[in-house]
Amino acid sequence: MSGLQPPRGTHDLIGETMRRHHHVVETARRVLRTYGFEEWSTPIFEDTRVFSRTLGETSDVVSKEMYTFEDRGGESITLRPEGTAAICRALVTNGLTQSLPQKVFYHGPMFRYERPQKGRYRQFHQIGAELIGAESPLRDAETIAMAQDILRELGLGDHVTLELNTLGDLASRQAWREALVAYFRDHADALSEESRVRLEANPLRILDSKSEQDRKLLDDAPAFADYLNDESRKFWDTLRDSLQAFGVDFVENPRIVRGLDYYSHTAFEFVTSKLGAQGTVLAGGRYEGLVEQMGGPAIPAIGWAGGIERLAMLLDSAPELPAGITLVPMGDPAVLKAASLARALRSAGLRAEIETRGNLKKRMERVVKSGASHAIVLGDEEIAKDVVQLRDLSSREQQEVPVTDLVRLLSAGRA
């Protein structure tokens with residue numbers, strides 16, 4: 001078994017990597033709760049139809065990237081490639097479509113078979129939020145402001161830019177789509193091979209193309225702003241006014257699109273230049289037909305998801321482990337007493353460890369190297385007097401402390 005490595009596109013979360021990951025999740029969780037969002041958790045694998053129906057059979061995710069298999073019962077199962085569809089499925093399954101709005105957040109692993117890149121893995125982790133029952137552009141703006149607050153709390157406010165676009169309503173989008181398809185058909189010979197395929201299956205994806213020959217055509221493509229109807233223009237205006245009211249800065253980017261028909265109006269991305277080509281760290285939009293595709297009623301919603309690995313990479317430093325307290329018992333009776341004291345310290349919420357290897361000098365060297373804040377030394381003499389020797393490792397001061405006062409002193413930080 002020697003030489004085994006994690007599968008390509010996966011990675012272990014240990015040490016500093018895990019501390020960064022945990023810090024992103026806990027920071028987001030704290031901010032999300034201030035907005036009244038509640039945490040949900042859905043299965044890592046779902047009925048394949050949850051994703052194939054909602055993401056579109058012709059999408060790259062469904063056609064190329066999903067981890068789909070047949071289980072022993074003959075059912076088609078897929079490891080979730082994203083979280084939104086599963087949340088909407090859970091809403092319908094648990095009979096919550098009449099209890100709106102539902103403010104939901106989630107985090108966990110997602111799976112896509114794609115070429116691993118910086119910050120992008122085949123098993124990756126996301127944190128996301130969905131406001132199901134978002135009745136107005138104000139809710140869209142509030143959900144975007146919530147995402148920005150998380151990024152600011154992570155210390156990333158100066159490293160990301162919010163890019164914003166409108167997709168309009170279905171009528172506006174359909175009119176624009178027809179004009180776009182006609183334009184690309186007139187220039188089909190100039191499109192890349194991949195975009196010629198997309199022209200028939202999902203033409204809006206051409207706008208995402210990284211091909212230089214495709215991007216040259218986009219400059220003269222029909223502008224979506226010319227096809228917005230009055231209702232869509234009003235929504236767009238109110239959204240921007242609401243973002244300003246929430247104190248959210250943004251830049252308009254008409255290139256942000258979503259290829260699926262149930263997306264509408266708001267589309268946005270928080271991007272950075274610190275991760276090279278993989279610059280999007282959090283993205284989302286409004287959708288209005290996804291719950292309906294799961295068997296529920298038509299319910300408007302707004303949501304976003306952020307890549308935890310990418311956010312963790314942007315942190316200036318990994319959060320440090322809290323300084324602990326190490327008990328150094330000398331002799332067998334002292335070891336048993338140390339076990340009792342460690343339990344009392346942990347019950348008070350303090351980090352406590354017991355060091356038992358080697359002589360006193362070697363033990364203290366390891367305690368200092370561990371970064372502990374205090375060492376508690378006890379032997380037969382201390383046990384007889386019901387005291388310990390408490391050493392502050394930063395000031396190097398030592399004092400004799402009654403066992404009955406130990407937890408109180410350390411909890412109060414006065415030791």
Side-chain angles (χ1 to χ4, degrees), residues 1-6 10-30 33 39 41 107-109 125 154-155 308-309 312 315-415:
M1 298 292 285
S2 62
L4 286 177
Q5 298 292 322
T10 67
H11 64 137
D12 299 313
L13 295 173
I14 59 176
E16 177 182 328
T17 303
M18 186 70 242
R19 293 201 303 275
R20 286 174 175 267
H21 183 103
H22 181 74
H23 180 63
V24 170
V25 172
E26 288 304 309
T27 300
R29 180 182 276 130
R30 185 174 67 250
R33 285 176 174 165
E39 187 168 0
S41 179
H107 70 90
H125 298 79
L154 288 169
I308 296 176
E309 280 85 356
L315 299 179
D316 288 336
S317 61
E320 296 293 333
L321 286 172
I325 299 159
T326 303
L327 295 112
V328 185
M330 304 305 295
D332 291 342
V335 169
L336 297 179
K337 183 64 175 179
S340 174
L341 290 175
R343 182 175 180 83
L345 291 167
R346 291 163 183 159
S347 295
L350 300 171
R351 175 185 169 191
E353 300 180 55
I354 305 173
E355 177 57 72
T356 61
R357 298 170 296 157
N359 59 33
L360 180 59
K361 180 180 179 181
K362 291 292 186 183
R363 294 189 199 189
M364 290 305 299
E365 287 175 355
R366 283 194 293 271
V367 171
V368 171
K369 189 176 181 180
S370 74
S373 62
H374 294 80
I376 299 171
V377 181
L378 65 157
D380 292 340
E381 184 177 341
E382 282 77 22
I383 291 174
K385 296 169 60 178
D386 203 26
V387 299
V388 297
Q389 301 299 326
L390 180 62
R391 185 176 301 178
D392 186 322
L393 296 177
S394 60
S395 67
R396 299 181 179 271
E397 294 179 356
Q398 182 169 309
Q399 59 180 310
E400 188 173 275
V401 174
V403 166
T404 53
D405 293 340
L406 183 62
V407 172
R408 177 180 58 82
L409 281 172
L410 289 170
S411 295
R414 295 198 299 268

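What you see is a predicted model, and the numbers here were worked out from it, not measured in a lab. Just so you know, these numbers use all the heavy atoms, side chains as well, and skip hydrogens, waters and symmetry mates. Numbering of residues begins at 1 and proceeds along the displayed sequence.
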Tell me, with the steps shown, if Leu327 and Leu345 meet side chain to side chain contact (heavy atoms under 4.5 Å, CB included). CA-CA 10 Å; Leu327 295 112; Leu345 291 167; 4.2 Å; yes
| said: Around atom CG of Asp332, are there more than 12 heavy atoms from other residues, nucleotides or ligands closer than 6.0 Å? | reply: no
Quiz item: Is Val335 close to Ile354 at the side-chain level, that is, under 4.5 Å between some pair of heavy atoms?
Solution: no
Are Leu13 and His125 packed together at the side-chain level, in the sense that at least one heavy-atom pair is separated by less than 4.5 angstrom? yes
Would one find more than 12 heavy atoms of other residues, nucleotides or ligands at under 6.0 Å from atom CD of Gln398?
yes
Starting from the C-alpha separation in whole Å, work towards a yes-or-no answer on side chain to side chain donor-acceptor pair (under 3.5 Å) for Glu309 and His21.
-> CA-CA 7 Å; Glu309 280 85 356; His21 183 103; 5.0 Å; no
Only one of Lys361, Arg363, Arg366, Lys369 passes salt bridge (Lys or Arg N to Asp or Glu O under 4.0 Å) with Glu355, and that residue is Arg366
So CG of Leu378 and CD of Gln389: to nearest 0.5 Å the spacing works out to 9.5 Å
Output for pair (Glu26 CD, Leu154 CG), nearest 0.5 Å, gives 11.5 Å
- Query: Which is it for Asp386 and Lys337 under the side chain to side chain contact (heavy atoms under 4.5 Å, CB included) test, yes or no, and what are the steps along the way?
  - Reply: CA-CA 10 Å; Asp386 203 26; Lys337 183 64 175 179; 3.9 Å; yes
Please check this pair: side chain of Arg19 against backbone of Ala318, looking for a donor-acceptor N/O pair closer than 3.5 Å.
no
Are the side chains of Glu39 and Arg29 in contact, using a 4.5 Å heavy-atom criterion? yes
#### Entry: Arg391 and Glu397: CA distance, side-chain angles, deciding distance, salt bridge (charged side-chain N to carboxylate O under 4.0 Å, His left out) verdict
CA-CA 6 Å; Arg391 185 176 301 178; Glu397 294 179 356; over 6 Å; no
Would you say that Ser411 contacts Leu350 through its side chain, given a criterion of any heavy-atom pair below 4.5 Å between the two side chains?
yes
Exactly one candidate in Val377, Ile325, Leu393 meets side chain to side chain contact (heavy atoms under 4.5 Å, CB included) with Val367; the answer is Leu393
Margin query: Check this for me: does any side-chain nitrogen of one of Glu353 and Arg351 sit under 4.0 Å from a carboxylate oxygen of the other?
Written below: yes
Between the main-chain N or O of Gly379 and the side-chain N or O of Glu382, is there a donor-acceptor pair closer than 3.5 Å?
yes
